[in-house]
Number of protein chains: 2
Amino acid sequence: MARPTVNDVARAAGVSLATVDRVLNARAGVREKTVERVNAAIEQIGYVRDVTAANLARQRLYQMVFVLPDAPALFVDTLRDAIAEATSSSLADRTEVRIITFPNGNPHALVKSLRALNADDTDGVAIFAPETPHVRDAIARLKSDGVPIVALVSDLPNTERDHFVGIDNIAAGRTAGFLMGKFLGKTGGSVMVLVSSMQARDNVERRLGFDQVMAESFRQIEVLPSIETHDDEGATERLVTEMLRNRPDIAGIYSVGHGSRALVDVLRDHERRESMTLIAHELTKITREALRDNLMDAVVSQDVGHIVRSALRVLRAKSDGRDIVHSQERIRIEIVVRENLI
Amino acid sequence: MARPTVNDVARAAGVSLATVDRVLNARAGVREKTVERVNAAIEQIGYVRDVTAANLARQRLYQMVFVLPDAPALFVDTLRDAIAEATSSSLADRTEVRIITFPNGNPHALVKSLRALNADDTDGVAIFAPETPHVRDAIARLKSDGVPIVALVSDLPNTERDHFVGIDNIAAGRTAGFLMGKFLGKTGGSVMVLVSSMQARDNVERRLGFDQVMAESFRQIEVLPSIETHDDEGATERLVTEMLRNRPDIAGIYSVGHGSRALVDVLRDHERRESMTLIAHELTKITREALRDNLMDAVVSQDVGHIVRSALRVLRAKSDGRDIVHSQERIRIEIVVRENLI
DNA sequence: GACTAAATGAGGTACGTACCTCATGTCAAT
DNA sequence: ATTGACATGAGGTACGTACCTCATTTAGTC
């Protein structure tokens, strides 16, 4: 009944402890046939390495790095808070977390930061950044150095990142579209769409998914072209105000990007506030208050706590060459309304 | 920089390792003043016990028990699957899981099962059962034996359970009500409500929340009295079929309980299928398919995987007398629609 | 069969903590 | 001053694994 140990493996394989150790830790100097015999024994008696004992013996300290932009969007702050919270309890799993911030929209600064990292003092990197050629190169270098890398929130599919921690943004856009369609109902109307930037992969994908659903299931609703805000709050306020003045047919607003402060500010005291259906992404202080005040109807979000914990789990696993449990690492697309706000 | 150990504490407090050990493990034979000195030193140098090393030394094996009904509702199977999945990886955190099943609606069998448990071979119990006087007594006995207990899915507030792992069911009902109101829109109509049993606390609370929101925000919708199904599929089919025949004003159906198979079966080929708004609880094989097939509009759910993992974490913490991180143990009320189905 | 290189074994220490024993210290009551 | 009770110290072993050294065996080559 008791869990088998390395000594049991040694006995079962008819070799010494030292040989089992060499096999387990992939050290050289063991004949292929012996390796097989040991592995067979491991299989047969169901040995599983005691990771905690191993880490204790190894005096393992995982040194992880999060790379984030200093974008003015509140979502990034939320993410940063989640990292801070994970850090406070990370001591328990021998994980040390550093955060590197790079100026928003400055790929050179980002690349410079990434260049400072190396395999000696970092066991894993989680990156939230747009995919540019420079970033691709920097990631390739880190990978060739043997540093595990995960993309955070926005995927980097054309790089060698080991894993993507975040939601399927097309599906997130589809979800927002479905809700918009259902909420607007038979009457229909037009929908204004605000995106941060058409450079940001997640924004583009959400818009794509939104349009898909609208075309498939809600033909009575007209979706207007995207308005790019570039996270500029002043500009956004002007654009939204003007749009609302000129287009009485607008019945809904879909905020695709990571920040919705300006939009909420405009609408809070607007005369059309009551009749407007508002759907945004990411649960932050702003969207939370807007939901509570019945100003916003739904928020499509992702749990940043999960994202951070998942990123750390995946990086630790990759760093140890272990497999990950995919079902546990799937990040859900959450729908938050006034009533299930926490 | 390195994490302080017991030896550092001993040095800082000016006592021996043995005394620190006595203090840490609450063993007798240490003067009050010395205890204080050691605790001060712990505080000052920021010592945190290495739980993994401690468990290794202690050869700790957490023996946890889940107590579940054999209700025919699919949700219980889903929960059982989640426990099975958690069990497969529980080896890593020295946790052994047993499942005890009791016949649905038979409190005596349940109490008999609980009586068989004792502090010697169980370090924690997670219970999903209705709160009856017998159950209360059984729980009180276990608690007086020093066994940590958490209520699962449905709370047992009048018992001495240490914690409740599950959602706020009033809020869950409110969420369902909000969606129903939004989906039905200005036109309104009547809503049929199906509950498993008015004995089940979670069902009652959901119904309560649903009615609250309807009364507050959607006065144009008439909510009909609850229909009790007692998880009897044949009876449910008859009741629903009849109701739909007699009441052309019904525009929505809210399924409060843990099972929706019969409801889905009736509606799948029903002529009014298209015009009906359907909202149910718990993501199972049945509701999942119904969402996918556009038969159901939304499911208000709770992640059983989280519930199981959270229950185990809480029980381990209680068993060690450690505090729990409440933010991590909060179970979210999830809204699942066709587009964010995983 | 002698030589060499590679493979394996034997045995140790260490990680941070738990838990044990035995010796020695302290203090107050007698 | 002696006794006894209690407090504390010293030092050990153990948990399961990593990693080290050195000796010994084995396999392959000539």
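So you know, we letter chains A, B, ... as the sequences are listed, proteins then strands, and number each from 1.
For A:S16 and C:dA10, the shortest distance from a side-chain N or O to OP1 or OP2 is not below 4.0 Å. OP1 or OP2 of C:dT8 lies within a sub-4.0 Å distance of a side-chain N or O belonging to A:R31. Here B:R27 reaches the OP1 or OP2 of C:dC19: one of its side-chain N or O atoms lies under 4.0 Å away. Note on B:Q59: a side-chain N or O is less than 4.0 Å away from OP1 or OP2 of D:dG16.
D:dT17 atom C1' lies 11 Å from atom CZ of B:R94, rounded to whole Å. Straight-line distance from the CG atom of A:L17 to the P atom of D:dA23: 20 Å, rounded to whole Å. Between B:R322 atom CZ and C:dT17 atom C1' there is a gap of 15 Å when expressed in whole angstrom units. Rounding to whole angstrom units, CG of residue B:D50 and P of D:dC15 are separated by 18 Å. Distance A:R11 CZ to C:dT8 P: 19 Å, rounded to the nearest Å. In this structure, the CG atom of A:N7 is 10 Å from the C1' atom of D:dT17, given to the nearest Å. Rounded to an integer number of Å, the gap from A:E36 CD to C:dA7 P is 14 Å. The nearest whole Å value for the distance from the CG atom in A:L61 to the C1' atom in D:dA18 is 17 Å.
For A:R94 and B:D50, the salt-bridge test passes: some basic side-chain N is under 4.0 Å from an acidic carboxylate O. Looking at B:R316 and B:D123, no side-chain N of the basic residue comes within less than 4.0 Å of a carboxylate O on the acidic one, giving no salt bridge. A salt bridge does not link A:K285 with A:D77: every distance from a Lys NZ or Arg NE/NH1/NH2 to an Asp or Glu carboxylate oxygen is 4.0 Å or more. We find that A:D21 and A:R27 are joined by a salt bridge, their nearest charged nitrogen and carboxylate oxygen being less than 4.0 Å apart.
Listed candidates were C:dA7, C:dA18, D:dC19. Nearest to the side chain of A:T34 is C:dA7. Here D:dT17 is the nucleotide among D:dA18, D:dT17, C:dT17 with the atom lying nearest to any side-chain atom of A:Y47. Taking every side-chain heavy atom of A:A57 into account, C:dC15 is the closest of D:dT21, C:dC15, C:dT17. Nearest nucleotide to the A:A18 side chain, out of C:dT8, D:dG9, C:dG9: C:dG9. For B:R22, the listed nucleotide lying nearest its side chain is D:dT8; candidates were C:dT17, D:dA18, D:dT8. Of the listed nucleotides (D:dG16, C:dG16, D:dT8), D:dG16 has the atom at the smallest distance from the side chain of A:T5.
For the pair A:G29 and B:N55, nearest-nucleotide mapping onto DNA chain C gives the more 5' position to A:G29. Mapping B:V20 and B:L56 onto DNA chain D by nearest heavy atom places B:V20 at the nucleotide closer to the 5' end.
Ring geometry for B:H326 versus B:H163: interplanar angle of 30 to 60°, hence tilted.
Side chains of B:S310 and B:E329: a donor-acceptor N/O pair is present below 3.5 angstrom, by distance only.
Contact annotation: side chain of B:R58 to base of C:dG16, donor-acceptor pair absent below 3.5 Å.
In this structure, B:V51 reaches neither bases nor backbone, as no heavy-atom distance under 4.0 Å exists between it and the strands shown.
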